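All of these numbers come straight from a predicted model, not from anything done at the bench. We number each residue from 1, following the sequence as shown.
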Amino acid sequence: MNQGSSRARLAGTGQPAGAWRPGSVPEQLGLAGLAAAGAAAAYQAALGGEGLWLPCPLRTLTGIPCPLCGMTTAATGLASGDLGAVLAANPFVLLLAGFTLVMAVLMAARAVGLAPGAAQWPASRRRQSYRVAAVLVAASWAFQLHRFGWV
C-alpha cells in the first residue's frame with residue numbers, strides 16, 4: 001500500500017474514507033440492538049403491543065423457560081415506556097438497551113471521526129467478556145425460572 005492510499009484511510013480503522021462500517025463484535029451487536037429497538041417501536045406503534053404473540057420454542061417444547069423469555073414483552077414495554085412491564089417480563093432488556101445506546105453513540109462518533117476505530121481486543125479481554133456474558137445469561141435464566149415457578 002502506498003502512502004497516498006494510507007492517508008485516504010480513516011485513522012485506525014483500515015477502511016477507505018467514507019466507507020465506515022462496524023468492525024467490532026460490540027458494534028455489530030449494537031447495530032442488532034438498534035434494529036431490535038426499531039422493531040419493538042414499530043410493533044408497539046402498529047399493534048399497540050397486542051396481537052402478535054411469539055412463543056418461546058424451548059418453553060413450548062419442554063415447559064422450561066429460556067434465558068431470553070420475556071424479551072419481546074420487555075422490549076415492547078420499554079418502547080411504550082411501561083417500566084413495570086419491563087421489570088416483570090425481563091429486566092435484563094434494560095442492560096441491553098443501555099449497551100445499545102452506548103454503542104450507538106460510539107458508532108456515530110466513529111463514523112464522523114470523533115472517536116478512533118475499533119481495536120482488536122486481546123484474548124484475555126475477550127475471555128473476560130465471554131464470562132460476563134455467561135453470568136448475565138445465567139442470571140437471566142435464574143430470573144425466568146423463578147418467574148415461572150421452577151425455583
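Taking all atoms of both residues into account, the shortest heavy-atom contact from His146 to Val151 is ND1-O, 3.3 Å.
Using a 4.5 Å cut-off on side-chain heavy atoms (C-beta onward), Met107 and Leu31 make contact. Considering only heavy atoms from C-beta on, Val137 stays 4.5 Å or farther from Leu68 through its side chain. Side-chain contact check for Gln128 versus Trp121: every heavy-atom pair is 4.5 Å or farther apart.
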Where do Thr76 and Asp82 land on the side-chain contact (heavy atoms from CB on, under 4.5 Å) test, with the steps shown first?
CA-CA 9 Å; Thr76 55; Asp82 187 355; over 6 Å; no

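Of the possible donor and acceptor atoms, one in the side chain of Thr62 sits under 3.5 Å from a partner among the backbone N and O of Leu58. Side chain of Trp141 to backbone of Pro65: a donor-acceptor contact under 3.5 angstrom is found.
Residues forming a side chain to side chain donor-acceptor pair (under 3.5 Å) with Arg147 (at least two apart in sequence, or on another chain): Gln144.
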Run the side-chain donor-acceptor check on residues 86-102: report pairs under 3.5 Å with partners two or more places apart or on a different chain.
{"from": "Asn90", "atom 1": "OD1", "to": "Phe92", "atom 2": "N", "distance (Å)": "3.1"}
{"from": "Asn90", "atom 1": "ND2", "to": "Pro67", "atom 2": "O", "distance (Å)": "3.4"}
{"from": "Asn90", "atom 1": "ND2", "to": "Cys69", "atom 2": "O", "distance (Å)": "3.0"}
{"from": "Thr100", "atom 1": "OG1", "to": "Leu96", "atom 2": "O", "distance (Å)": "2.8"}

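Hydrophobic side-chain contacts under 4.5 Å tie Val135 to no other Ile, Leu, Val, Met, Phe, Trp or Tyr residue.
Annotation: the span from Met71 atom CE to Leu78 atom CG amounts to 11.0 Å, rounded to 0.5 Å.
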